[in-house]
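To start, the structure itself, in structure tokens.
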Amino acid sequence: MGLLSRKATCNSHGQDSSYFLGWLEYEKNPYHHLHNPNGIIQMGLAENQLSFDLLETWLAKNPEAVGCKRDGQSIFRELALFQDYHGLPAFKKALVDFMAEIRGNKVSFEPNNIVLTAGATSANETLMFCLAEHGDAFLLPTPYYPGFDRDLKWRTGVQIVPIHCTSSNCFRITASAIEEAYQQAQKKNLTVKGILITNPSNPLGTTMTRPELNLLINFITDKQIHLISDEIYSGTVFNSPSFISIMEALKDMNMEKNNRVHIVYSLSKDLGLPGFRVGAIYSNDPTVVSAAVKMSSFGLVSSQTQYLLSVMLSDKKFRNHYIVKNQNRLLKRQRKLVSGLEKSGIRCLESNAGLFCWVDMRHLLSSDTFEAEMELWERIIYDVKLNISPGSSCHCNEPGWFRVCFANMSEDALELAMQRLKSFVGSIKKHNHQESEKLRKESHIGKWIFRLSFQSFNEQDQR
Ligand SMILES: Cc1ncc(COP(=O)(O)O)c(C=O)c1O
């Protein structure tokens, strides 16, 4: 009999994915501009560190929010005792207003339809728990966030069936790809309970188009299944086309009250606070909301955090300023990465959101295989000393794509990373050139030897 349960030891957690292995390698030898300048630069972590100064300036001006005070009076005891899993009403109101603001106030959200969770990780798992039985399936467009293997499958026993998207149409979702995934699930005798999308996409850094959203809404309506839209990157859209939330698409189809569509949100990316563990589920279905509220006991947001953020996010002037400034900084940073990669002859999928680019390194592979992708990744992590995430860890079915993050480091570190990559690509080109020169010479020598031996053979023959 094992010491641990089968649930705890089964391998559906996905921790052996190159996505997590890259983090482990980084931790053994992390880059530091003074203490370890030859270390590994972390470009596999979707963190937003570009706007901390805005948050810190606000905190300095609002010490009451951090000091558990309201109108000069301490509310420490009130917060210390607060444990209602419905959450602080003031925080839920501030959060839905922030969500609406990010969506250009084209849609509004009802605070009673929101369930607070310890990050989007917990929100996604809670929805799986509430909507699917052990062994049921959710369809996910590829490439997708590697953490979903853990979040959606591990403890709930839910299966993920990929909707294969390809570079031929910039990884857009098509009707035939959805239908094919649905058929695949049925062939495996899996009951499909829904589709989960990430909009804007991690790892693509793109927003979904209206035809894609309409297609998804029509499909789930037809099949009577759920649609979860993980909109954790909604506030990171820094360029056109603008973001269309699933809520907006529903509204435009007069389906606003659809109770099969659920949104996942979190402040981990838009505010850059993954350590605060603040996430949410938004659903129009009261039975989903009440089941999720019960589940939220396992991952509440601390009342101190809720209080601080309720004060911060109700500051309308601050939140508007933050949203715009943060997006401008992300745009600048993304451009820096794209132009840095271009100098090495590397191109990215055109993107308008997120904290990363989806980078095409197919031309650097030694062959069109996932083995070659891993070989390249190993060279990049051990020789070039950059941790980037291979497309295979995101379940991309074309070898040679990598996710490269740009917002979790200083500008200098990004520049250094680009220099390292440039000399690496240069060395590959030089090596390839030398190899082809060698081959060319060998074939010349070969021809020459052949010609000589042919001549001497003829001479012998004539003798
Ligand atoms: C698409 C997506 N969903 C969920 C998460 C988890 O976020 P959180 O830190 O809020 O749990 C991430 C984190 O990278 C993500 O990219």
Side-chain angles (χ1 to χ4, degrees), residues 13-15 17 19-20 22-23 42-49 95 98-99 102 114-128 138 140-156 158 160 162 165 171 195-208 227-237 243 245-246 262-282 292 295-296 298-302 305-306 309 330 351 353-358 387-389 391 393-396 403-408:
H13 178 278
Q15 68 182 9
S17 142
Y19 175 73
F20 292 116
W23 291 4
Q42 174 62 294
M43 303 185 93
L45 188 59
E47 257 177 16
N48 181 3
Q49 296 187 18
L95 186 62
F98 184 62
M99 287 168 69
I102 284 170
I114 210 153
V115 182
L116 299 180
T117 58
T121 301
S122 170
N124 278 315
E125 191 195 48
T126 300
L127 277 173
M128 288 301 117
F138 260 76
L140 266 72
T142 64
Y144 63 76
Y145 161 55
F148 281 149
D149 291 322
R150 171 199 59 203
D151 307 348
L152 309 184
K153 286 161 55 177
W154 187 34
R155 300 198 297 186
T156 62
V158 167
I160 293 177
C165 303
F171 299 93
I195 301 180
L196 187 147
I197 56 169
T198 304
N199 182 28
S201 163
N202 175 8
L204 300 176
T206 53
T207 45
M208 277 192 184
L227 177 60
I228 299 174
S229 181
D230 181 334
E231 300 187 354
I232 187 170
Y233 294 98
S234 49
T236 69
V237 183
F243 173 60
S245 166
I246 196 69
H262 321 279
I263 293 180
V264 164
Y265 188 53
S266 151
L267 297 178
S268 297
K269 313 296 175 180
D270 292 354
L271 272 194
L273 301 174
F276 277 27
R277 309 308 305 140
V278 184
I281 295 168
Y282 188 88
M295 277 294 290
S296 69
F298 298 109
L300 293 176
V301 182
S302 90
T305 300
Q306 288 189 55
L309 293 173
L330 289 170
S351 67
L355 310 172
F356 31 73
C357 284
W358 187 238
N387 178 38
I388 60 176
S389 309
S393 67
C394 304
H395 299 264
C396 181
R403 189 192 76 168
V404 181
C405 296
F406 56 72
N408 62 318

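Counting starts at 1 for both ligands and their atoms, in listed order. It should be emphasised that the depicted structure is a prediction, and the values quoted were computed from it without experimental measurement.
Under a 4.0 Å heavy-atom criterion, Tyr233 is in contact with ligand 1.
Short contacts between ligand 1 and Ser268, defined as distances under 4.0 Å to a heavy atom of the residue, involve ligand atoms 8 (P), 9 (O), 10 (O). Taking every heavy atom of Arg277 and a limit of under 4.0 angstrom, the matching atoms of ligand 1 come to 8 (P), 9 (O), 11 (O). When each atom of ligand 1 is checked for a heavy atom of Ser266 under 4.0 Å away, the hits are 10 (O). Near Gly119, with a cut-off below 4.0 Å to any heavy atom, the atoms of ligand 1 are 10 (O), 11 (O).
A distance-only check finds no donor-acceptor pair linking the side chain of Glu231 to the backbone of Ile263 [under 3.5 Å]. With hydrogens and angles ignored, the 3.5 Å screen pairs a side-chain donor or acceptor of Asn48 with a backbone N or O of Lys269. Under a 3.5 Å cut-off, the side chain of Arg403 and the backbone N or O of Gly44 do form a donor-acceptor pair.
The closest side-chain heavy-atom distance from Val237 to Pro200 is below 4.5 Å.
The shortest N/O to N/O separation between Ala120 and ligand 1 falls below 3.5 Å. Checked against a 3.5 angstrom limit, the closest N/O atoms of Thr198 and ligand 1 fall outside it. Not a single N or O atom of Asp151, backbone or side chain, sits closer than 3.5 Å to an N or O atom of ligand 1.
Of all protein heavy atoms, the one closest to atom 14 (O) of ligand 1 is Lys269 NZ, 2.7 Å. Summary of contacts: the protein heavy atom closest to atom 3 (N) of ligand 1 is Asp230 OD2, 2.7 Å. Considering only non-hydrogen protein atoms, atom 7 (O) of ligand 1 sits nearest to Ile232 CD1, 3.3 Å.
Screening Tyr19, Tyr144, Trp154 for a side chain to side chain donor-acceptor pair (under 3.5 Å) involving Asp149 leaves a single residue, Tyr144. Remark: of the listed residues Thr198, Asp151, Thr156, Asp230, Asp230 is the sole one forming a side chain to side chain donor-acceptor pair (under 3.5 Å) with Asn124.
Taking all atoms of both residues into account, the shortest heavy-atom contact from Ser201 to Leu204 is OG-N, 3.2 Å.
Around CZ of Arg155, the count of heavy atoms belonging to other residues, nucleotides or ligands within 6.0 Å does not exceed 12.
Note: His262 NE2 to Ile246 CD1 = 11.0 Å, rounded to the nearest 0.5 Å.
Residue Ala46 does not touch ligand 1, judged by heavy-atom distances below 4.0 Å. Proximity of Thr121 to ligand 1, defined as any heavy-atom pair under 4.0 Å, is shared by backbone and side chain alike.
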